[in-house]
Colleague: 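Let me begin by handing over the structure; questions about it come next.
Keep in mind that the numbers below use all heavy atoms, side chains included, and drop hydrogens, waters and symmetry copies. Just so we're on the same page: letters track the sequence lines, and every chain starts at 1.
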Amino acid sequence: MRDKLRKWREDNCRNSEQIVDVGEELISEHASKLGDDIWIIYEQVMIAALDCSRDDLALTCLQELRKQFPDSHRVKRLTGMRLEALERYDEANKHYDAILQEDPTNTAARKRKISILRAQGKSTEAIRELNEYLEQFVGDQEAWHELSELYINEHDYGKAAFCLEELMMTNPHNHLYCEQYAEVKYTQGGMENLELARKYFAQALRLNNRNMRALFGLYMSASHIAASPKVSAKVKKDNIKYAAWAAAQINRAYKVRGSRSTRTMHSSYSAALSATESRVFHMTLQSPTHQLKKKKNGFICCILTFIRYLRTSSHSVNLFICIKLERNSLPESASLAFICKVVIPTLVAFTPSGHIYSFCIKLRL
Amino acid sequence: MGEVELSCRAYVKMYLHSCLFPRCSINGLLLSSSSAGGAVCVTDCVPLLHSHLPLAPITQLALTQVWSLVGLVSVCSPTPCALKIADKIAEQFESAVLLMLDGSKMSPDDRVPPIVMYERRDSKWVLKDKHTIMLRQWEETQAIASQMLESGDHALLVDFDGHLDDITKDWTNQTLNTKIAELSSPANGNI
């Protein structure tokens, strides 16, 4: 149980109900065995109890801590938090002011004061105070993140983006910041922002290719850019490619993880893609002689459609072609000529970066 | 505008969603199985997000995946972003409703449902007359909601945000729907 609490402490989890359950039992029954750990457990359980409105438990923990550490600022901060939980904001503020008088660099007290402003709904003041705080303590990531959230709630996306840029600079490998930045840019709208959004979604995916939000975001931003009438043909084409790639990845993710819920997007791609993934494609065509011309055209159309699918899938494809010509079809030599002169060159010309491994022609005459 | 009827399933899911994320503001979409004439019967609620509500992409995505959409749920006062989303829904469906769950009034002993509904009149969202909102069998609905909360079933609820974190989770909440149906069927024959 102790280890669970330690893990939750280290991971900064906010599973307050669980902490209260485990912590309460630990404190009431095993207090003597905990040694010096008990103080930090009291603190952890107290904060969790405040979160769950368990004032009784919070008070017990607080009293124990006060007895042990009478002059500690850390304990005073906890007293302030309890007052906040009881919505006695003025008293809590007085408490924090007292701490700051004794120790002006106490960041915890300043942050609690900002949280009070947020709880009271005074977002503009909270933003102002937080900005002042960040001028002094530029490296405080938690504060930057909090500020970005405040700006998002105020719909001030430009400034939220700035905060997230700060976070991305100091944490270049964090895919969540990239993805959030991309979402903010997407929400801001406009062609430039959509392109930036797409790039950052892609970056987030590079850092973590299982980030579904980034995948969906990439698909949506690319689709929006492609659908816009103001872009050049090349940009349109590129974005269609990106969107199609994203759609394919999404479909694959759903297939792999076996979710049965949402309908897949672009189900038309899934049929062709399953063929490419298994790398074998069977084309069976029956062409009775009297319908020769029609079928020939039909056959070419078939191949071209398939190739279009291949191009949009943008990964290299290896084709195994197996062509079965049924009975009553074209005379043998005509079929072979047709295949050699028409089919194979078409496929070679259009297959993006793959190889035609073999073809096997079964003639059943 | 017409009457709005809220089904047991819709209310319970809204309630459980807000209980699952007591520290965040949440939103969700209201669905109707059919819109017959003047009355709108809200049969289901799809919980959407519990983080970064004002950000566009995920909301847009969810809106494309849901059909027979008639309204929006939100837990907080009508923020500009909630109004914007509601406007979009209203473009598709005339009698769209915006439902606010009042967090401060949610308690197990409430005799009155803690919801405030807005409807669109002359391109503005105004409070709907309480008498045109119907909740079938309010006591049973409330009892089911409290029971599920106590038994911890709210942990089974998956919203769209949760689905994106782990796509094996089902955000149509079929298991939860079955549970609600089981609990409510002795009380009334249909949901």
Colleague: Does D90(A) have more than 12 heavy atoms from other residues, nucleotides or ligands lying within 6.0 Å of its CG?
Modeller: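 No, CG of D90(A) has 12 or fewer neighbouring heavy atoms, counting only those of other groups under 6.0 Å.
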Colleague: Would you mind reporting whether M212(A) and D165(B) have side-chain heavy atoms less than 4.5 Å apart?
Modeller: no
Colleague: Side chain from CB out, backbone as N, CA, C, O: work out which of these in R210(A) comes under 4.5 Å of a heavy atom of chain B, or both, or neither.
Modeller: neither
Colleague: Taking NZ in K236(A) as the centre, count heavy atoms belonging to other residues, nucleotides or ligands within less than 6.0 Å. Is the count above 12?
Modeller: yes
Colleague: Determine the option with the most heavy-atom pairs under 4.5 angstrom with chain B, choosing from Q180(A), E17(A), E183(A).
Modeller: E183(A)
Colleague: Given heavy-atom pairs under 4.5 angstrom as the criterion, report whether the side chain, backbone, both or neither of E149(A) touches chain B.
Modeller: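 For E149(A), the contact with chain B is made by the side chain alone.
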Colleague: Heavy atoms, side chains only, cut-off 4.5 Å: are L55(B) and Y186(A) in contact?
Modeller: no
Colleague: Below 4.5 Å from any heavy atom of chain A, which atoms of D161(B) appear? Answer side chain, backbone, both or neither.
Modeller: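 D161(B) touches chain A through backbone and side-chain heavy atoms alike.
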Colleague: Side chain, backbone, both or neither: which part of N211(A) has a non-hydrogen atom closer than 4.5 Å to chain B?
Modeller: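 No part of N211(A) comes within 4.5 Å of chain B.
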